[in-house]
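Computed from a predicted structure; not experimentally measured. Just so you know, ligand 1 is whichever comes first in the structure, and atom 1 is the first atom listed for that ligand.
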Amino acid sequence: MNQNSVIPQHIAIIMDGNGRWAKLRGKERSEGHFAGMMALKQTVIAAAQKGVKWLTVYAFSTENWGRPQAEVEALMDLVCKGVEMNAAELSENGIRVQVIGERSRFSASVREAIERIESITAKGENMTLVLALNYSSRSELTYAVQQIAARVKAGEMEADAITEQTISQALYTAAMPDPDLIIRTSGEYRLSNFLMWQASYSEFYFTDTLWPDFGEEELTKAIEAYNARDRRYGLVK
Ligand code: FPP
């Protein structure tokens, strides 16, 4: 990578194409998700080494509950397995894990796995890995509006005192910077209910690579493409 490259502070990834990767190899979709977890691990380590401070990944959307039960179960198992297999290494690499999304729908064992990895890695200072689990942007915004409306109703604030900051602060991502770069794999060009508020000024990078084949090399390409962009935030240079 070019030594003068600017490293995006926050990269978000829509990890797509696990199912197609598996199908191409005559494997079960769950094997594609397992391969996806291995790709995630490589990408996390590479991002931290490059100096990325925040990496957010879309691991399970609120819509994913509608997939066949066996696949949902495989993904839930993968959350638990992923914690078991990776917690120590993430912690050793100074990577803090945080989860965004509605947790109450998960089984007790999945909730415990999430809490365990958050607490084991809590002191990590190199990079924060944000796992979006049972996350969608519309549900996040709906929940935020409910919280703000309740404060207005309780007389804690006036409706016309609601600012963009009030809304940002009511989202799961309140303590995080907005993503500078959003990557989507597998040749799809959609946001799919991911970080819609936060993506207002993000740059987008799309690749045909299926998620299990993603890794350091692809991450480098995405960062190089980001460096060729001219971010104006609606202003004139
Ligand atoms: C999209 O591919 C991927 C997902 C719905 C799951 C993403 C999960 C991982 C990468 C596993 C690691 C993460 C954890 C923590 C569970 P797809 O199944 O929609 O692929 P397709 O479009 O080719 O069918």
So, are Lys221 and Glu218 salt-bridged, with charged N and O less than 4.0 Å apart?
yes
Residues 89-111 vs ring pair (Phe, Tyr, Trp, His ring centres under 6.0 Å), sequence neighbours excluded, gives Trp65-Phe106
Practice prompt. State whether a side-chain donor-acceptor pair under 3.5 Å links Trp197 with Ser168.
Written response: yes
Expected contact list for ligand 1 at under 4.0 angstrom, heavy-atom basis, is Met15, Asp16, Gly17, Asn18, Gly19, Arg20, Arg29, His33, Gly36, Met37, Ala59, Asn64, Arg67, Leu75, Leu78, Val79, Trp211
Please tabulate, one pair per line, all N/O donor-acceptor pairs under 3.5 Å involving side-chain atoms of residues 39-50, not counting sequence neighbours.
from	atom 1	to	atom 2	distance (Å)
Lys41	NZ	Asn86	OD1	3.2
Lys41	NZ	Glu89	OE1	2.9
Thr43	OG1	Ala39	O	2.7
Lys50	NZ	Thr220	OG1	2.7

Side-chain polar contacts of residues 135-144 - donor-acceptor pairs under 3.5 angstrom, sequence neighbours left out - could you list them?
from	atom 1	to	atom 2	distance (Å)
Tyr135	OH	Glu140	OE1	2.6
Tyr135	OH	Leu195	N	3.4
Ser136	OG	Thr62	OG1	3.3
Ser136	OG	Ser139	N	3.2
Ser136	OG	Ser139	OG	2.9
Ser137	OG	Met196	N	2.7
Ser139	OG	Ser136	O	3.0
Glu140	OE1	Gln198	NE2	3.2
Glu140	OE2	Tyr172	N	3.1
Glu140	OE2	Gln198	NE2	3.4
Thr142	OG1	Arg138	O	2.6

**Q.** Short side-chain to backbone donor-acceptor contact, Arg151 and Gln147, under 3.5 Å
**A.** no
